[in-house]
Amino acid sequence: MRLLRALRSLARATRPYDQEFARAMARRWAELPETARTPGQILGRHGVGCEGTHGVFPKCNLKCTPCYHSRDANQVRVDGPHTLENITSQMRLLNRVRGPRAHAQLIGGEVSLLSPDDHAAALTVMREHGREPMSFTHGDFDEAYLDALALGPDGKRRFHRLSFAAHFDKFMYGRAGIERPESEAALNPYRARFTTMFTALRRQHRVRSFLAHNMTVTPGNLDEIAGVIRECHAMGYGMFSSQPAAFLGDERRWKERYREATPDAVWAEIERGAGSPLDYRVFENGDVRCNRTAYGFYTGDHWTPFLNGDDPRDLAVRDTFFRYFGKVTFTGTPPAHLAVKLLRVAARHPSTVATAARWLGRTTRRTGLLRLARHRLRVRPVTFVMHQFMDADVVAPAWEMTQRGEQATDPGLRETQERLAACHYAMAHPRDGTLVPACVQHAVLDPAENAALRTLLPIVETRGRNV
């Protein structure tokens with residue numbers, strides 16, 4: 001009987017499709033505006049999008065220009081019980097509305113200002129609600145903090161895997177050892193130090209990691225993006241995300257003509273750093289006016305896309321993936337269980353095996369047999385991303401019209417409404433049961449929310465920097 005129960009449990013765990021997840025994606029697709037229902041659209045076909053926390057620990061101990069935090073953010077103390085209570089209610093709503101699986105960022109301020117135990121508890125709550133959490137940080141913490149997060153008081157692993165998004169750019173002031181960086185290149189040793197901590201964590205305690213590199217882009221560092229990618233792509237980051245600065249948050253920190261760093265200019269610099277054209281229409285995450293994404297891998301210093309948008313055969317692979325594997329829940333699924341899920345789909349649809357084999361042959365030729373042999377078939381998946389936040393002065397009126405059920409006739413406001421409707425990044429408000437796009441959170445809701453938190457959680461003591 002015990003063996004039979006175990007087999008039944010394994011069969012359920014490796015069932016290819018979760019019907020609740022499939023229904024959540026169908027709802028997401030139905031919510032998308034027509035402008036976002038493209039052949040490469042991921043939302044509604046292989047996921048519901050990304051999520052983030054808010055109003056949990058808005059304080060940060062670096063001073064950055066620009067920054068989307070409101071004026072009151074740094075007047076709120078970091079409080080573990082408040083953080084856990086609010087994360088729990090937000091994750092509960094996200095699970096109910098967006099379905100059983102999604103990626104979610106533990107974000108709001110500087111995550112390492114939480115104690116390691118509170119940080120670990122927050123990640124656990126997120127996982128309990130079907131979220132794959134990623135902690136958002138400036139990376140200015142030490143190995144002792146990371147070990148205390150990853151390991152319990154008994155020295156045993158709390159987690160098999162951790163994900164962090166680390167933000168590095170030269171407009172962040174107050175980092176230990178480099179108070180005011182003169183250039184992006186000056187930060188490269190700190191970027192390397194951050195990944196080295198996770199390499200040691202895996203070697204010593206068998207805790208795996210996924211690391212994303214984020215940087216805010218203004219006209220003042222636009223021409224340094226390529227150098228960051230060239231010098232840092234082999235450090236251990238699986239994603240490089242560039243965010244053109246927007247007029248959000250504390251207007252006292254608006255120091256440059258941010259919009260001169262246009263999306264096209266930023267993407268061109270990313271391509272220059274990658275040494276390759278990056279086709280962001282093969283796969284799309286929401287509206288391409290907000291997000292551009294290119295998936296691929298490095299072999300040595302050579303980056304190859306997983307799919308070539310100029311090759312109809314590769315686009316057919318994409319369509320096959322959406323058709324047969326789109327409803328498979330990759331997020332949060334143990335690798336062994338995921339492998340069985342994929343095998344079960346392939347057994348049901350044998351043509352997918354031939355499609356995959358032909359794709360592998362083409363990709364191998366594009367990469368180069370000699371190059372692969374020289375690097376002993378070692379490849380490193382690295383994704384390039386650009387997130388374009390919108391300015392508060394357009395988000396606020398567009399959102400107000402959306403809330404009233406009105407469709408704007410002004411082209412600029414109409415575009416903003418479309419982008420908000422296709423937003424890839426949502427935040428939950430349990431009090432009224434609503435989800436809002438991140439731009440709305442930062443442009444419309446953060447100021448009042450942080451003002452209230454300043455009263456609820458006033459700073460009553462001086463907190464040291466966590467380094």
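We count residues from 1, following the sequence as given.
Note: Phe325 and His46 fail the aromatic proximity criterion, with ring centroids not under 6.0 Å apart.
Side-chain atoms of Asp391 never come within 3.5 Å of backbone atoms of Asp393 as a donor-acceptor pair (strictly under, hydrogens ignored).
Within the structure, every pair that satisfies the ring-ring contact (aromatic ring centres under 6.0 Å, His included) test and touches residues 424-447, not counting sequence neighbours, is listed here: His54-His429, Tyr68-His442. Residue pairs meeting the side chain to side chain donor-acceptor pair (under 3.5 Å) criterion with at least one partner in residues 369-381, sequence neighbours excluded, are His233-Arg380. Listed by first then second residue, pairs satisfying ring-ring contact (aromatic ring centres under 6.0 Å, His included) with a partner in residues 265-291 read Trp267-Tyr280, Phe283-Tyr295, Phe283-Phe322, not counting sequence neighbours. Evaluation of the salt bridge (charged side-chain N to carboxylate O under 4.0 Å, His left out) test over residues 89-105, restricted to residues two or more places apart or in two chains, returns Glu51-Arg98.
The shortest distance between side-chain heavy atoms of Arg206 and Arg157 falls below 4.5 Å. Looking only at side-chain heavy atoms (C-beta outward), Leu43 and Leu32 come within less than 4.5 Å of each other. At a threshold of 4.5 Å between non-hydrogen side-chain atoms, the residues Thr199 and Arg202 do not count as touching.
In this structure, a donor-acceptor pair under 3.5 Å is absent between the side chains of Glu231 and Asn188. In the model, His119 has a side-chain atom that pairs as donor or acceptor with a side-chain atom of Ser135 under 3.5 Å. A donor-acceptor contact under 3.5 angstrom links the side chains of Asn285 and Thr293, judged on distance only. No side-chain donor from either of His302 and Thr367 sits under 3.5 Å from a side-chain acceptor of the other. When only modelled atom types and interatomic distance are considered, Asp446 and Gln441 share a side-chain donor-acceptor pair under 3.5 Å.
Residues meeting the side-chain hydrogen bond (donor to acceptor under 3.5 Å, both in side chains) test with Glu20, sequence neighbours left out: none. Listed by chain and residue number, Trp359 satisfy the side-chain hydrogen bond (donor to acceptor under 3.5 Å, both in side chains) test with Thr363 (two or more places apart in sequence, or in another chain). Take Glu128 and apply the salt bridge (Lys or Arg N to Asp or Glu O under 4.0 Å) test, not counting sequence neighbours, and it matches no residue. The salt bridge (Lys or Arg N to Asp or Glu O under 4.0 Å) test applied to Asp432 returns no partner, not counting sequence neighbours. Residues passing the salt bridge (Lys or Arg N to Asp or Glu O under 4.0 Å) test with Glu406, sequence neighbours excluded: Arg404. For the salt bridge (Lys or Arg N to Asp or Glu O under 4.0 Å) test, residues two or more places apart in sequence or in another chain that qualify with Arg281 are Glu284.
Using a 4.0 Å cut-off between charged side-chain N and carboxylate O, Asp311 and Arg366 make a salt bridge. Using a cut-off of 4.0 Å between Lys/Arg side-chain N and Asp/Glu carboxylate O, Asp140 and Arg193 are scored as not salt-bridged. The pair Asp18-Arg23 fails the salt-bridge criterion, with no side-chain N (NZ, NE, NH1 or NH2) lying under 4.0 Å from an Asp/Glu carboxylate O. With respect to Arg27 and Glu31, no salt bridge is recorded, no charged nitrogen being found less than 4.0 Å from a carboxylate O.
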Identify each donor-acceptor pair in which a side-chain atom of residues 237-244 lies under 3.5 Å from a protein atom, sequence neighbours left out, and give them as a table.
| unit_1 | atom_1 | unit_2 | atom_2 | d |
| --- | --- | --- | --- | --- |
| Tyr237 | OH | Arg191 | O | 2.8 |
| Ser241 | OG | Asn214 | OD1 | 3.3 |

N/O donor to acceptor pairs below 3.5 angstrom from side-chain atoms of residues 162-172, sequence neighbours left out:
| unit_1 | atom_1 | unit_2 | atom_2 | d |
| --- | --- | --- | --- | --- |
| Ser163 | OG | Arg161 | NH1 | 3.3 |
| His167 | NE2 | Asp169 | OD2 | 2.8 |
| His167 | NE2 | Thr216 | N | 3.3 |
| His167 | NE2 | Thr216 | OG1 | 3.1 |
| Asp169 | OD1 | Phe171 | N | 2.9 |
| Asp169 | OD2 | Thr216 | N | 3.1 |
| Lys170 | NZ | Gly220 | O | 3.0 |
| Lys170 | NZ | Glu224 | OE2 | 2.6 |

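Around CG of Leu360, the count of heavy atoms belonging to other residues, nucleotides or ligands within 6.0 Å exceeds 12.
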